[in-house]
Amino acid sequence: MIDVSAQGIDAPRTPLSREFYARDPAIVARELLGKWLIRQAADGAISAGRIVEAEAYLSSRDRACHATRGKSPKNATMFGPAGHAYVYAIHARWCLNAVTEGIGVPSAVLIRAMEPLVGIDLMQLRRGLEKNLDLARGPARLCAALDVTKHYDGWDLTAGRELWIADDPTLNGKQLKIIRSRRVGVTSAHHRLLRFFIAGSPYVSGRRSVLTARHSALFRRPAT
DNA sequence: CTACCGATTGACT
DNA sequence: GTCAATCGGTAGA
């Protein structure tokens, strides 16, 4: 359930490798759950949290992917090497992706929600909001909480400075319960199950009632 | 230059 | 549940 044991722990410094990202985006999205997303501001202040929700966008074989109709200045980063940040604007807000697969294959994982763990005061300040649950619940809220803007489009997430992703130092081999569902807000390829989130996490985006219904439906299993 | 559109959010009934 | 504000990116005149 809600794991607050990580609060007060230092953010991990060792970034995930290029090889981690250079795989199928559905696998990367699935495996990014539980990882820490870390932001270090110019003055050294750290803000970070645990990724609880991510979506895969599969290059030319996915109609919902921004790169499905070819390269443009906006999506150029997705055509570059894996492990770089792809930051784009939607409805006047920023969203953060991690580029996956190889050069010339424009796929990525959208990081949709995070459980705030470190630097919560700073994230509250950036969001103009106190409520911990809503600080990074949604891709644009997450970017606002971490002050991720167009400035970080193309940023190398494997360099381990300013913005990176690392293994959870508190996980200790624990297995996460993960649910797979349709992606949020996409207008094409709506049926594809390319959204992944941690079961029961209150930091996952979407309406609570919808989440609970979907949750129980997907968890129902025939007795064995 | 103008005219849309959207991987969103927050306010509202 | 509904709805519209918001503005960067993009296409087209």
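Everything numeric here is computed off the predicted structure, so don't read it as measured data.
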Between [atom2] on [N] and [atom1] on [X], what's the gap in Å once rounded to a whole number?
{"X": "Glu55(A)", "N": "dA7(B)", "atom1": "CD", "atom2": "P", "result": "11 Å"}
{"X": "Glu53(A)", "N": "dA7(B)", "atom1": "CD", "atom2": "P", "result": "15 Å"}
{"X": "Tyr86(A)", "N": "dA7(B)", "atom1": "OH", "atom2": "P", "result": "10 Å"}
{"X": "His190(A)", "N": "dG6(B)", "atom1": "NE2", "atom2": "P", "result": "15 Å"}
{"X": "His151(A)", "N": "dG8(C)", "atom1": "NE2", "atom2": "C1'", "result": "18 Å"}
{"X": "Leu129(A)", "N": "dT8(B)", "atom1": "CG", "atom2": "P", "result": "19 Å"}
{"X": "Trp94(A)", "N": "dT9(B)", "atom1": "CH2", "atom2": "P", "result": "15 Å"}
{"X": "His91(A)", "N": "dC5(B)", "atom1": "NE2", "atom2": "C1'", "result": "8 Å"}

Choose from [options] the nucleotide whose nearest atom is closest to any side-chain atom of [X].
{"X": "Arg141(A)", "options": "dT9(B), dT10(C), dA7(B)", "value": "dT9(B)"}
{"X": "Val186(A)", "options": "dG10(B), dA7(B), dT8(B)", "value": "dA7(B)"}
{"X": "Thr187(A)", "options": "dA5(C), dG9(C), dA7(B)", "value": "dA7(B)"}
{"X": "Ala92(A)", "options": "dT10(C), dA7(B), dT6(C)", "value": "dT6(C)"}

| Would you call the rings of His151(A) and Trp155(A) parallel, tilted or perpendicular, where under 30° means parallel and over 60° means perpendicular? | tilted

| said: Measuring centre to centre across the rings, with the benzene-like ring taken for any Trp, is His66(A) within less than 6.0 Å of Tyr57(A)? | reply: no

| request: Check the geometry between Tyr88(A) and dA7(B) and answer yes if their rings are stacked (centres below 5.5 Å, planes below 30°), otherwise no. | output: no

| request: With Arg195(A) as reference, evaluate Leu110(A), Val184(A), Val186(A) under the side-chain contact (heavy atoms from CB on, under 4.5 Å) test and give the passing residue. | output: Val184(A)

| message | Against Arg183(A), only a single residue in His190(A), Glu55(A), His191(A), Arg112(A) fulfils side-chain contact (heavy atoms from CB on, under 4.5 Å); can you say which? | response | Glu55(A)

Heavy atoms under 4.0 Å, any strand shown: does [X] hit a base, just sugar-phosphate, or nothing?
{"X": "Ala89(A)", "value": "sugar-phosphate"}
{"X": "Arg127(A)", "value": "sugar-phosphate"}
{"X": "Ala140(A)", "value": "sugar-phosphate"}
{"X": "Arg183(A)", "value": "nothing"}

| field | Any strand: nucleotide that pairs with dT6(C) via Watson-Crick or wobble, under 3.5 Å | value | none

| field | Identified pairing partner of dA7(B), criterion: Watson-Crick or G-U wobble below 3.5 Å | value | none

| task | Output yes when at least one side-chain N/O atom of His66(A) is less than 4.0 Å from OP1 or OP2 of dA7(B), else no. | result | yes

| task | Determine whether more than 12 heavy atoms belonging to other residues, nucleotides or ligands lie under 6.0 Å from atom CZ of Arg69(A). | result | no

| Is it the case that more than 12 heavy atoms not belonging to Arg18(A) sit under 6.0 Å from its CZ atom? | yes

| Residue mapping more 5' on DNA chain C - nearest nucleotide basis, Arg93(A) or Lys150(A) | Arg93(A)

